[in-house]
Amino acid sequence: LRGVIAADPRQRRHIVTSKIEHHAILHCCEALDLEGCYTTYLDVNSEGFVEPKTLEDAIQPDTALVSIMFANNEIGTVQRVRGLAEIAHRHGVLFHTDAVQAAGNVPIRVHEMGIDLLSMSAHKIYGPKGIGALYVRKGVPLSNLIFGGGQEKGRRAGTENVPGIVGFGKAAELAMRDLESHILTLSRMRDRFVFLLQQQLEDVVYNGSMIERLPGNASLTLRYVEGEAVLSMLEMDGILAATGSACSSSSGKTSHVLNAIGLSTEDAYSTLRFSLGDATTEEDMDFALEKTVAAVKQLRSFSLLAREHQKQTKTEKER
């Protein structure tokens, strides 16, 4: 983001992003605001989508960049990137997308989608940690990030991490080769898990888009229980889930993403994210289902909120 702002030929200082971005984007915008920029943070709808009109209304004459993530790491919603990029381009504004979660999980066609800049990371596609990539469309002005050498076409000085780059390249090759089967397998296991969980438990809400979502993501609000309590019980059985993003789950705060899609504080604290990967099996998901159902039922048996809800539901049925 800093490179785009610094290289903007018209010296524009306005950035547009969304309220559900990863902190890698949000904190960068906050830092740039201290340097004289200003940022507009777009609302999203209940499924996590940025509405086209919301973006259209936010763009100003001095907007330099729109940055909207390709797919959300918490609720799994995959943005309609092409339409958002078209709006940015109609106003002469560059479009960047954080595709860290999307790469290797959904098809990405930078030219067809009108993407000017795209960020991705190797460790999300089973590559080595500590290596990432920035796609820059030919002709997009970008200032140097680190000075001192001619590496990376002069944009980022310093000796390249050759083993990391090679590992990233191989991981990308395998991800592209297996993309279709990866999507089908994970989507099927995820959908079966969510369906059976909602069959066996009441008051389970599936967050994000039902259709346009990452194949290995299931964000579920398990009402009337504390998400952290469910996590603790699952961890004792060797099952790892998360109450929010893996990068911020230790902060103790409710997720900014769940807040942005309209969840109450109570529901946000009751939300878990289950993530599936290539090593996940049907047996794993059946085991997770069994243990999640048991944990929620046990915790609800102690919950005053659950008891009150059951009492209210019974009264309404009797009426």
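In this chain, numbering begins with 1 at the start of the sequence shown.
A salt bridge is defined here as a Lys NZ or Arg NE, NH1 or NH2 lying under 4.0 Å from an Asp or Glu carboxylate O, and Glu47 with Arg213 fails to meet this definition. One finds no salt bridge joining Asp62 and Arg13 here, because no Lys/Arg side-chain nitrogen approaches an Asp/Glu carboxylate oxygen to under 4.0 Å. Using a 4.0 Å cut-off between charged side-chain N and carboxylate O, Lys53 and Glu56 make no salt bridge. In this structure, Arg192 pairs ionically with Asp286, as a charged nitrogen and a carboxylate oxygen lie closer than 4.0 Å.
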Working for side chain to side chain contact (heavy atoms under 4.5 Å, CB included), residues Phe49 and Ser209: CA-CA 8 Å; Phe49 288 112; Ser209 170; 3.7 Å; yes
Side chain to side chain contact (heavy atoms under 4.5 Å, CB included) between Leu186 and Thr280: does it pass, once the steps are laid out? CA-CA 8 Å; Leu186 266 61; Thr280 307; 5.9 Å; no
Side chain to side chain contact (heavy atoms under 4.5 Å, CB included) for Tyr206 and Leu220? Distances and angles first, verdict last. CA-CA 5 Å; Tyr206 197 13; Leu220 298 161; 3.7 Å; yes
Using the rule given for side chain to side chain contact (heavy atoms under 4.5 Å, CB included), can you reason through Gln198 versus Phe193, listing the C-alpha separation, both sets of side-chain angles and the distance that settles it, and then say yes or no? CA-CA 9 Å; Gln198 291 181 318; Phe193 173 76; over 6 Å; no
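Arg137 CZ: more than 12 foreign heavy atoms inside a 6.0 Å radius. For Gln11, the CD atom is loosely surrounded, since the number of other residues' heavy atoms within 6.0 Å does not exceed 12. The local environment of CD1 in Ile211 is sparse, with at most 12 non-hydrogen atoms from other residues, nucleotides or ligands closer than 6.0 Å. Counted within 6.0 Å of CE on Met176, heavy atoms from surrounding residues, nucleotides or ligands total 12 or fewer; the atom is thus considered open.
Side-chain polar atoms of Asn73 and His22 form no donor-acceptor pair below 3.5 angstrom. Residues Glu21 and His256 have side chains that never bring a donor and an acceptor to within less than 3.5 angstrom of each other. Judged purely by distance below 3.5 Å, without hydrogens or angles, the side chains of Asp116 and Tyr135 never pair a donor atom with an acceptor atom. Using modelled atom types, one finds no donor on one side chain facing an acceptor on the other under 3.5 Å when comparing Ser119 with Asp98. For the residue pair Asp178 and Ser181, no side-chain donor N or O sits within less than 3.5 Å of a side-chain acceptor on the partner. Judged by distance alone, the side chains of Thr221 and Thr271 do bring a donor and an acceptor atom under 3.5 Å apart. A side-chain N or O of Thr40 and one of His14 form a donor-acceptor pair less than 3.5 Å apart. Gln298 and Ser301 are not linked by any side-chain donor-acceptor pair at a separation below 3.5 angstrom, with hydrogens and angles left out of the test. Counting only N and O atoms by type, the side chains of Asp33 and Thr39 include a donor and acceptor under 3.5 Å apart.
The cluster map of Ile, Leu, Val, Met, Phe, Trp and Tyr, joined by side-chain heavy atoms under 4.5 Å apart, puts Leu272 and Val293 in the same cluster. Under the 4.5 Å side-chain heavy-atom criterion for Ile, Leu, Val, Met, Phe, Trp and Tyr, Val50 and Val93 are members of the same hydrophobic cluster. Under a hydrophobic-cluster definition in which Ile, Leu, Val, Met, Phe, Trp and Tyr are linked whenever side-chain heavy atoms come within less than 4.5 Å, directly or via other members, Ile68 and Ile261 are assigned to the same cluster. Note on Leu94 and Ile87: separate hydrophobic clusters, where clusters join Ile, Leu, Val, Met, Phe, Trp and Tyr whose side-chain heavy atoms are under 4.5 Å apart, directly or indirectly.
Evaluation of the side chain to side chain donor-acceptor pair (under 3.5 Å) rule for Gln101 yields no partner, not counting sequence neighbours. Taking the ring pair (Phe, Tyr, Trp, His ring centres under 6.0 Å) definition, one finds that Phe147 meets it with nothing, sequence neighbours left out. For His123, the ring pair (Phe, Tyr, Trp, His ring centres under 6.0 Å) criterion is met by no residue, not counting sequence neighbours.
Stacking of Arg190 on the aromatic ring of Phe274 is not recorded, the 6.0 Å distance cut-off and the 45° axial limit not both being met.
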